[in-house]
Amino acid sequence: MDIKYVKDSYGKLGIDVDAAVKKVGDIPISIHCWQGDDVIGFDGSGSLGDGLATTGNYPGRARNFEELKEDIKFAFSLIPGKKRLNLHACYAVLGADKGKVDRDKYTYKYFEPWVKFAKELGLDGIDFNPTFFSHKMMKNGLSLSSPDEKVRKFWVEHGKACLKITEYIATEMGTPSLMNIWVPDGMKDVPADRLTPRLRLKESLDEILATPYDKKKVVVSVESKVFAVGIESYTVGSNEFYQNYAAKSGVCCLLDNGHYHPLEYVSDKIPALLAFYDKVALHVTRGVRWDSDHVVLLEDELKEIAKEIVRNDATDKVMIGLDYFDASINRIAAWVVGARNMRKALLYALLQPNARMKELQDNAEFTELMWLNEEVKTLPFGEAWAMYLESEKAVGAEWLEQVKKYESKILGERK
Ligand code: RNT
Ligand code: ZN
């Protein structure tokens, strides 16, 4: 590779390739454990429900803790840069307590094996999610907004338990953890009452957050959604509901880019929230026509999302997490493609003449701004990415060969 040519090409437009290559690996990306087993987990109904769905039956799904760990370890070895593990409560390692203890009573000990594993892998930290789905206590598709007080309380207790677990995990890992709350609560058909379920959700969230926790260690976020299959007409935790809840309650918002109307862009929402919040959490995904959670590809909106993080100096404020699940292709390849693409998009954003472009905007020099924006697009980005991989001693495009070997050796055995 002609490194001088790469540096000169970027240099002509005032872009420092070395600085970008040096920085990009330090931005943590929280990688979801649930790509490995189609969001089934170890403790629930054994199938996915509540508006969530995976499609495909590619062989090799991880069926237990050991297999999931093995797959994560391998997938992560092919993903360069600083990584965190994003866990869901349904991945509790219950051991002999399986069937005896339910989600409302979970404690740190069921996640200690994950912490041990994350430390072994040298991960930056662990993020956590209470699991309000795929469980017998989901009644009529409702959890925290249920009119059944027993149901609502069960899930409040689950939320409280998770808050303590998250705090413990953060202490153990030595970096703050995100605890993200998403509930599938909603209705298939026209509701008679849109307000009361929201008031109950608000009350439940207040009860969960009344648990004392160290705000330096745990960042709580709330994730809105517009609709899901089977929950088309009404979502209790809508965007307006959660943005107002977050603003009033001192928590932050999580933006999942599959959770808005197709012509709304999360890239534009990031700076809107940065004007008010210290933290903004993301679930980066790819919706094809709907919230389909396809594998993240290096597309324009992904690049725009990365630009908003980088050019607003918000790499410490925006907590990047991935959230997609594809069961129609090799699941490890799905993990690797999406996570490498997130990192690629960050490098792409670091390789923009950001300061100069802002200046052009302020000076209303829109002709030059358009020219610059377009010229940057055809710079030798592939080579800059290769320079980054080289700096991390990371594998290039040949990573797929390793996945194929792993597939025939390990995944093929899972019948
Ligand atoms: C669902 C939400 C939620 C889940 C995960 C598994 O639409 O995006 O974040 O995907 O919690
Ligand atoms: Zn999500």
Side-chain angles (χ1 to χ4, degrees), residues 1-29 80-82 243 247 252-255 257 260 263-282 284 296-321 340-392:
M1 187 195 346
D2 187 349
I3 292 184
K4 189 175 171 314
Y5 166 75
V6 181
K7 288 192 193 179
D8 286 351
S9 306
Y10 277 97
K12 273 186 206 149
L13 297 180
I15 303 161
D16 183 344
V17 179
D18 285 323
V21 163
K22 197 161 174 284
K23 185 155 190 227
V24 70
D26 287 337
I27 304 171
I29 299 176
K82 199 179 265 190
Q243 282 200 2
C252 76
C253 295
L254 183 143
L255 309 175
N257 61 310
Y260 298 88
L263 288 177
E264 281 186 87
Y265 292 107
V266 158
S267 52
D268 185 60
K269 296 178 193 297
I270 295 168
L273 292 186
L274 284 173
F276 295 94
Y277 292 86
D278 292 337
K279 297 278 179 199
V280 176
L282 297 184
V284 180
V296 169
L297 301 182
L298 189 62
E299 293 186 330
D300 285 350
E301 173 59 359
L302 184 70
K303 291 180 192 162
E304 275 324 294
I305 287 173
K307 283 186 202 169
E308 291 303 331
I309 300 170
V310 165
R311 66 188 175 195
N312 295 317
D313 257 332
T315 53
D316 293 337
K317 294 180 182 166
V318 179
M319 306 171 86
I320 306 169
R340 283 173 80 108
N341 277 336
M342 185 70 240
R343 183 80 59 203
K344 265 187 207 162
L346 289 165
L347 180 63
Y348 191 84
L350 286 162
L351 288 168
Q352 302 285 309
N354 289 314
R356 188 168 159 202
M357 293 216 257
K358 278 186 190 179
E359 220 176 271
L360 291 173
Q361 177 177 320
D362 282 347
N363 295 335
E365 295 186 62
F366 298 121
T367 310
E368 196 172 331
L369 180 57
M370 184 188 280
W371 163 81
L372 187 54
N373 218 351
E374 294 309 297
E375 287 302 320
V376 170
K377 286 181 184 170
T378 47
L379 291 175
F381 177 66
E383 283 77 3
W385 172 248
M387 280 171 69
Y388 165 64
L389 293 177
E390 177 89 23
S391 76
E392 294 265 18

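Since the structure is predicted, the reported quantities are computational estimates derived from the model, not experimental observations. Only heavy atoms go into these numbers, but all of them, side chains included; no hydrogens, no water, no symmetry mates.
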For this session: Return the set of residues passing side chain to side chain donor-acceptor pair (under 3.5 Å) with Glu301 (not counting sequence neighbours), or none when no residue passes.
Result: Ser267
Problem set entry | Lys307 side chain near Gln352 side chain, heavy-atom distance below 4.5 Å | yes
For this session: Check Glu308 against Asn312 and note the closest heavy-atom contact, atom names and distance.
Result: O-ND2, 2.8 Å
For this session: With sequence neighbours left out, write down each residue that passes salt bridge (Lys or Arg N to Asp or Glu O under 4.0 Å) with Glu375, or none if nothing qualifies.
Result: none
Exercise. Where do Ala384 and Tyr10 come nearest, in terms of heavy atoms and distance?
Worked result: CB-CE1, 4.3 Å
Problem set entry | Pro380 to Tyr5 - nearest heavy-atom pair and separation | CG-CE2, 4.1 Å
Exercise. Which distance, rounded to the nearest 0.5 Å, do you find between the CZ of Arg343 and the CD of Glu392?
Worked result: 7.5 Å
Seminar exercise, completed: Taken to the nearest 0.5 Å, the spacing of Glu368 CD from Leu360 CG works out to 5.0 Å
Problem set entry | Residue list, salt bridge (Lys or Arg N to Asp or Glu O under 4.0 Å) with Lys12, at least two apart or on another chain | none
Problem set entry | Asp268: partners by side chain to side chain donor-acceptor pair (under 3.5 Å), with sequence neighbours left out | none
Exercise. Among all residues two or more places apart in sequence or in another chain, which pass the side-chain contact (heavy atoms from CB on, under 4.5 Å) test with Asp18?
Worked result: Lys7, Asp16, Met387
Exercise. Say you draw a straight line from CE of Met319 to CG of Leu254; how long is it, rounded to the nearest 0.5 Å?
Worked result: 9.5 Å
Seminar exercise, completed: The side-chain contact (heavy atoms from CB on, under 4.5 Å) partners of Pro353 (sequence neighbours excluded) come to Ile15, Arg356, Met357, Leu372, Val376
Exercise. Got a sec, which residues hit ring-ring contact (aromatic ring centres under 6.0 Å, His included) with Phe381, two or more places apart in sequence or on another chain?
Worked result: Tyr348
For this session: Measure the shortest side-chain to side-chain distance between Ile320 and Leu346 over non-hydrogen atoms and say whether it is less than 4.5 angstrom.
Result: yes
Seminar exercise, completed: Note: Ser9 and Leu379 closest approach over all heavy atoms is O-CD2, 3.6 Å
For this session: Taking side chain to side chain donor-acceptor pair (under 3.5 Å) as the test, write out the residues that go with Thr315, two or more places apart.
Result: none
Problem set entry | With sequence neighbours excluded, residues passing side chain to side chain donor-acceptor pair (under 3.5 Å) with Gln361 | none
For this session: Can you measure from CG (Leu13) to CG (Leu351) and round to the nearest 0.5 angstrom?
Result: 11.0 Å
Problem set entry | Nearest atoms (heavy-atom pairs only) where Leu347 meets Val24 | N-CG2, 3.5 Å
Exercise. When rounded to the nearest 0.5 angstrom, what is the spacing between CG in Leu302 and CG in Asn257?
Worked result: 8.0 Å
Exercise. After noting the C-alpha distance and the side-chain angles of Ile29 and Val284, does the key distance pass the side chain to side chain contact (heavy atoms under 4.5 Å, CB included) rule?
Worked result: CA-CA 10 Å; Ile29 299 176; Val284 180; over 6 Å; no
For this session: Taking side-chain contact (heavy atoms from CB on, under 4.5 Å) as the test, write out the residues that go with Asn363, two or more places apart.
Result: Glu359, Glu365
Exercise. Partners of Glu264 by salt bridge (Lys or Arg N to Asp or Glu O under 4.0 Å), sequence neighbours excluded?
Worked result: Lys269
Exercise. For Asp278, does the CG atom sit with more than 12 other heavy atoms under 6.0 Å from it, leaving out its own atoms?
Worked result: no
Problem set entry | Any residue meeting side-chain contact (heavy atoms from CB on, under 4.5 Å) with Asp26, in chain and number order, not counting sequence neighbours | none
Seminar exercise, completed: d(Ile270 CD1, Glu304 CD) to nearest 0.5 Å is 10.0 Å
Seminar exercise, completed: Heavy-atom closest pair (Cys253 atom, Tyr277 atom, distance to 0.1 Å) is SG-OH, 4.0 Å
Exercise. Any donor and acceptor pair, going by atom type alone, linking the side chain of Tyr265 with main-chain N or O of Ile305 inside 3.5 Å?
Worked result: no
